[in-house]
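Structure first, commentary second.
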Amino acid sequence: MTKFLVWKISPNIPPIPLEVSEKWRTLDDVSESLPGGAYTTFRTYEGFKVLNFTDHTTRLERTAQLSGQPVILNIDKLRADLHEIIHAVPFTEKRLRVTLDLENDPGTVYIAVEELVTPPLSAYQQGVKVITRRLERSNPQAKVTTFISTAAMIRSEIPLDVNEVIMVDGMDHLLEGLSSNFFVVFRRQLWTAGEGVLLGGTRKVVLEITKLLEIPIRLEAQHLTDVTNFEEAFITSVSRSVLPVTQINDHVLGDGKVGSITRQIMLAFENRVKHEAELI
């Protein structure tokens, strides 16, 4: 079965399928072969549903604006083209990356689709290990494809038992993962960086859930030297949803088990998807 399927979308033209390269091993490989620009990644639920679709299109336009190439998307056409593509691919659940060309032909859109692969159930039951690296995005508010190759290079060097790399700034603040947002439970409060990070869509949902659950939230980055005091941690992304972290570098958090606050948020996120994911 073909691992990737890619379409080019232009104004007033139906989606055009592109030739798939045998050299593509990951969705990042696909992105690196396309013109540079803004991108957003999301997944399907129940085959044909998407969570917060409007947020993704807003992110594309915002990144284009921050990159000095303002583009207004035809949302109705994009939605219709995505509907056609999602129903045409053979995968049960899909991971989609929408790239807005800001380099060759600003306004042209590319849609790459692969079969969705999520962490195993054991990762959600036992938590995962992350490590830290000193790295920051040059423009945290803009989700541009230039960062993809940097992240891919770092990811290729990490041990197999590590799920994610958490970026640390020059002041030793824990910012975000290469492809995720990072949350810490400390003194029964939930902490996550409020600036200097990409404001992911799953992160936004988690912040809304946290408010509803009346869990105290601090939009501040925790310090690397305080890792030994963290009670819980988790990362969020499209493919991971809410994934517990039980080890940071060589330190095991708490008793090494998934904490109660993380479990509350995981369950609430599942319920949110069940009730709010919309047909595309």
Side-chain angles (χ1 to χ4, degrees), residues 40-60 62 75 79 93 95-96 116 118-119 121 123-128 130 140-141 143 163-164 166 173-177 179-222 226 229-246 248 253-255 257-280:
T40 187
T41 306
F42 52 96
R43 59 158 293 180
T44 60
Y45 298 92
E46 300 177 18
F48 308 106
K49 293 182 178 180
V50 171
L51 186 66
N52 294 340
F53 174 71
T54 302
D55 288 348
H56 292 284
T57 58
T58 300
R59 166 183 283 176
L60 289 170
R62 175 62 174 160
I75 305 301
R79 181 186 284 272
E93 296 293 1
R95 182 169 179 252
L96 301 98
L116 177 70
T118 58
L121 180 60
Y124 294 94
Q125 294 173 333
Q126 302 168 18
V128 299
V130 301
Q141 296 301 311
K143 192 167 186 177
N163 183 277
E164 178 65 300
I166 305 301
H173 292 116
L174 295 155
L175 298 176
E176 61 182 327
S179 60
S180 65
N181 285 110
F182 179 65
F183 292 78
V184 166
V185 176
F186 176 61
R187 294 179 179 173
R188 307 304 291 174
Q189 293 181 314
L190 189 64
W191 299 65
T192 189
E195 56 185 23
V197 299
L198 195 65
L199 305 181
T202 308
R203 173 187 184 273
K204 178 185 176 183
V205 174
V206 166
L207 291 177
E208 292 170 353
I209 287 171
T210 301
K211 184 176 181 179
L212 291 173
L213 293 175
E214 298 184 345
I215 297 171
I217 181 74
R218 298 283 295 273
L219 296 181
E220 298 177 38
Q222 274 286 356
D226 289 327
N229 296 317
F230 295 166
E231 295 149 20
E232 305 175 32
F234 60 85
I235 51 179
T236 62
S237 71
V238 166
S239 298
R240 300 176 181 91
S241 297
V242 179
L243 183 62
V245 170
T246 49
I248 301 176
L253 305 185
D255 60 4
K257 298 179 180 179
V258 180
S260 60
I261 290 179
T262 301
R263 289 189 184 280
Q264 285 184 66
I265 294 172
M266 291 169 65
L267 180 59
F269 185 86
E270 291 177 8
N271 289 333
R272 183 73 169 265
V273 169
K274 186 181 301 183
H275 291 98
E276 297 189 14
E278 60 178 322
L279 287 169
I280 194 72

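Values reported hereafter were calculated over all heavy atoms of this structure, with side chains retained and with hydrogens, waters and symmetry mates removed.
Contact annotation: the side chain of Thr262 approaches that of Met266 to within less than 4.5 Å [non-hydrogen atoms, C-beta and beyond]. Inter-residue side-chain proximity for Asn163 and Arg240 is flagged as met; some heavy-atom pair is nearer than 4.5 Å. Contact check for Leu219 versus Leu207: side-chain heavy atoms found under the 4.5 Å cut-off. Residues Arg79 and Ile280 have side chains in contact (heavy-atom distance under 4.5 Å, counting atoms from C-beta outward). No side-chain heavy atom of Ile217 sits less than 4.5 Å from a side-chain heavy atom of Lys211. Within the 4.5 Å cutoff, no side-chain heavy atoms of Lys204 are placed close to those of Leu199. Annotation: side chain of Phe269 is in contact with side chain of Thr202 (closest heavy-atom distance under 4.5 Å). Using a 4.5 Å heavy-atom threshold, the side chains of Thr118 and Glu93 count as separate.
Tested against Ile166 for a side-chain contact (heavy atoms from CB on, under 4.5 Å), the candidates Val245, Leu175, Val130 yield a single pass: Val130.
For Val128 against Ala123, the heavy-atom pair with the smallest separation is CG1-CB, 3.7 Å. In plain terms, the two heavy atoms of Val258 and Gly127 that are nearest each other are CG2-N, 3.9 Å.
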Check your understanding: Taking it one step at a time, do Ile265 and Ile215 satisfy side chain to side chain contact (heavy atoms under 4.5 Å, CB included)?
Key -> CA-CA 10 Å; Ile265 294 172; Ile215 297 171; 4.2 Å; yes
Check your understanding: Stepwise, does the side chain to side chain contact (heavy atoms under 4.5 Å, CB included) test hold for Arg43 with Ser239?
Key -> CA-CA 7 Å; Arg43 59 158 293 180; Ser239 298; 5.8 Å; no
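The ring-ring contact (aromatic ring centres under 6.0 Å, His included) search around Phe53 returns none, not counting sequence neighbours.
Rounded to the nearest 0.5 angstrom, Asn52 CG and Thr58 OG1 are separated by 10.0 Å. To the nearest 0.5 Å, atom OH of residue Tyr45 and atom CD of residue Glu270 are 10.0 Å apart. If you take OG on Ser179 and CG on Leu198, they are separated by 10.5 Å, rounding to the nearest 0.5 Å. Leu96 CG to Thr40 OG1: the interatomic distance, rounded to the nearest 0.5 Å, is 10.0 Å. Rounding to the nearest 0.5 Å gives a distance of 11.5 Å between CD of Glu276 and NZ of Lys49. Distance check: Ile75 CD1 to Thr54 OG1 gives 7.5 Å after rounding to the nearest 0.5 Å.
Of the possible polar contacts, one joining the Asn181 side chain to the Gly200 backbone as a donor-acceptor pair under 3.5 Å is found.
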Report, one line per pair, each donor and acceptor closer than 3.5 Å where one atom sits in a side chain of residues 183-197; sequence neighbours left out.
{"from": "Arg188", "atom 1": "NH2", "to": "Ser260", "atom 2": "OG", "distance (Å)": "3.3"}
{"from": "Trp191", "atom 1": "NE1", "to": "Phe186", "atom 2": "O", "distance (Å)": "3.3"}
{"from": "Thr192", "atom 1": "OG1", "to": "Phe182", "atom 2": "O", "distance (Å)": "2.7"}

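Look at Arg203 and Glu176 and you find no salt bridge, because none of the NZ, NE, NH1 or NH2 atoms lies under 4.0 Å from a carboxylate O.
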